[in-house]
Amino acid sequence: MLLRKEFAKFMKYSLVGCISTLIYFLSVFILIEGMQVDPVLGSAAAFIIMTIVSFFLNVKYTFGSSITQQKALRFMTVSAVGFILNFILIFVTVRVFDFHYFIGELVTVLVIPIVNFLLNNYWTFQSQR
């Protein structure tokens, strides 16, 4: 029963992730193509927008929680961990193993959502005891 509940929560988390990814790419398009923002700055701004939207959607939809400063800081910490993990996985895949970057992207798509979900589920949005 507990496993089924956690799986349902992971599926909600995944849906929020898909929505957040769409928002990221829409933001990239608007900022870089529409507003002629530098691609590096536009991508960074889109990442921040995506992370904020993801936080609010996850608070309410995925975890049915309330918004607090502590949860926001923890969520941003988990997002930074995911960002760093993404860099490490891509670096190792491309520079160490000399594989095509697409292999690294597949690895990150499989690993990072699970790591981020576990950290957010058991640390950021842990039940109040």
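- The CD1 atom of Ile88 sits 11.0 Å away from atom CZ of Phe83, with the distance rounded to the nearest 0.5 Å.
- In this structure, Val111 is not a member of the same hydrophobic cluster as Ile103, with clusters built from ILVMFWY side-chain heavy atoms closer than 4.5 Å.
- Closest approach of Gly42 to Val37, counting heavy atoms only: N-CG1, 3.6 Å.
- Looking at heavy atoms from C-beta onward, Thr93 lies out of side-chain contact with Tyr101 at the 4.5 angstrom threshold.
- To the nearest 0.5 angstrom, Tyr13 atom OH is 8.0 Å from Thr62 atom OG1.
- Contact check for Phe125 versus Arg74: no side-chain heavy atoms found under the 4.5 Å cut-off.
- Ile84 contributes atom CD1, which lies 11.0 Å from atom OG of Ser79 (distance to the nearest 0.5 angstrom).
- Leu89 is not connected to Phe102 by any chain of hydrophobic side-chain contacts under 4.5 Å among Ile, Leu, Val, Met, Phe, Trp and Tyr, and they are in different clusters.
- Note that the OG atom of Ser54 and the OH atom of Tyr61 stand 13.0 Å from one another [nearest 0.5 Å].
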- Where do Ser14 and Phe117 land on the side chain to side chain contact (heavy atoms under 4.5 Å, CB included) test, with the steps shown first? CA-CA 9 Å; Ser14 298; Phe117 172 76; over 6 Å; no
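- Of all heavy-atom pairs between Asn121 and Glu6, the closest is ND2-OE1, 2.5 Å.
- The only option from Val115, Asn116, Thr108, Ile90 that meets the side-chain contact (heavy atoms from CB on, under 4.5 Å) definition with Leu85 turns out to be Val115.
- Following chains of ILVMFWY side-chain contacts shorter than 4.5 Å, one can reach Ile67 starting from Phe75, so the two form part of one hydrophobic cluster.
- In this structure, Met35 CE and Phe29 CZ are separated by 13.0 Å, a value rounded to the nearest 0.5 Å.
- Val59 is not listed as a side-chain neighbour of Lys71, based on a closest heavy-atom distance of 4.5 Å or more.
- A donor atom on one side chain and an acceptor atom on the other are not found under 3.5 Å apart for Thr51 and Tyr24.
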- Message: The test is side chain to side chain contact (heavy atoms under 4.5 Å, CB included); show your working for Ile114 and Leu110 and say whether it passes.
- Response: CA-CA 7 Å; Ile114 294 169; Leu110 295 172; 5.9 Å; no
- Query: How far apart are the C-alpha atoms of Val81 and Leu119, what are their side-chain angles, what is the distance that settles it, and do they pass the side chain to side chain contact (heavy atoms under 4.5 Å, CB included) test?
  - Reply: CA-CA 10 Å; Val81 167; Leu119 289 172; 4.1 Å; yes
- Message: Determine whether Lys12 and Phe63 satisfy the following criterion, side chain to side chain contact (heavy atoms under 4.5 Å, CB included), listing intermediate values before the conclusion.
- Response: CA-CA 9 Å; Lys12 287 181 175 183; Phe63 298 102; over 6 Å; no
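- No donor-acceptor pair under 3.5 Å is formed between the side chain of Ser43 and the backbone N or O of Pro39.
- Side-chain heavy atoms closer than 4.5 Å link hydrophobic residues (I, L, V, M, F, W, Y) into clusters, and following such links, even through other members, never connects Ile112 to Val53.
- Hydrophobic clustering of Ile, Leu, Val, Met, Phe, Trp and Tyr side chains at less than 4.5 Å, counting indirect connections, unites Phe7 with Leu118.
- The CG atom of Leu26 sits 13.0 Å away from the CE atom of Met50 when rounded to the nearest 0.5 Å.
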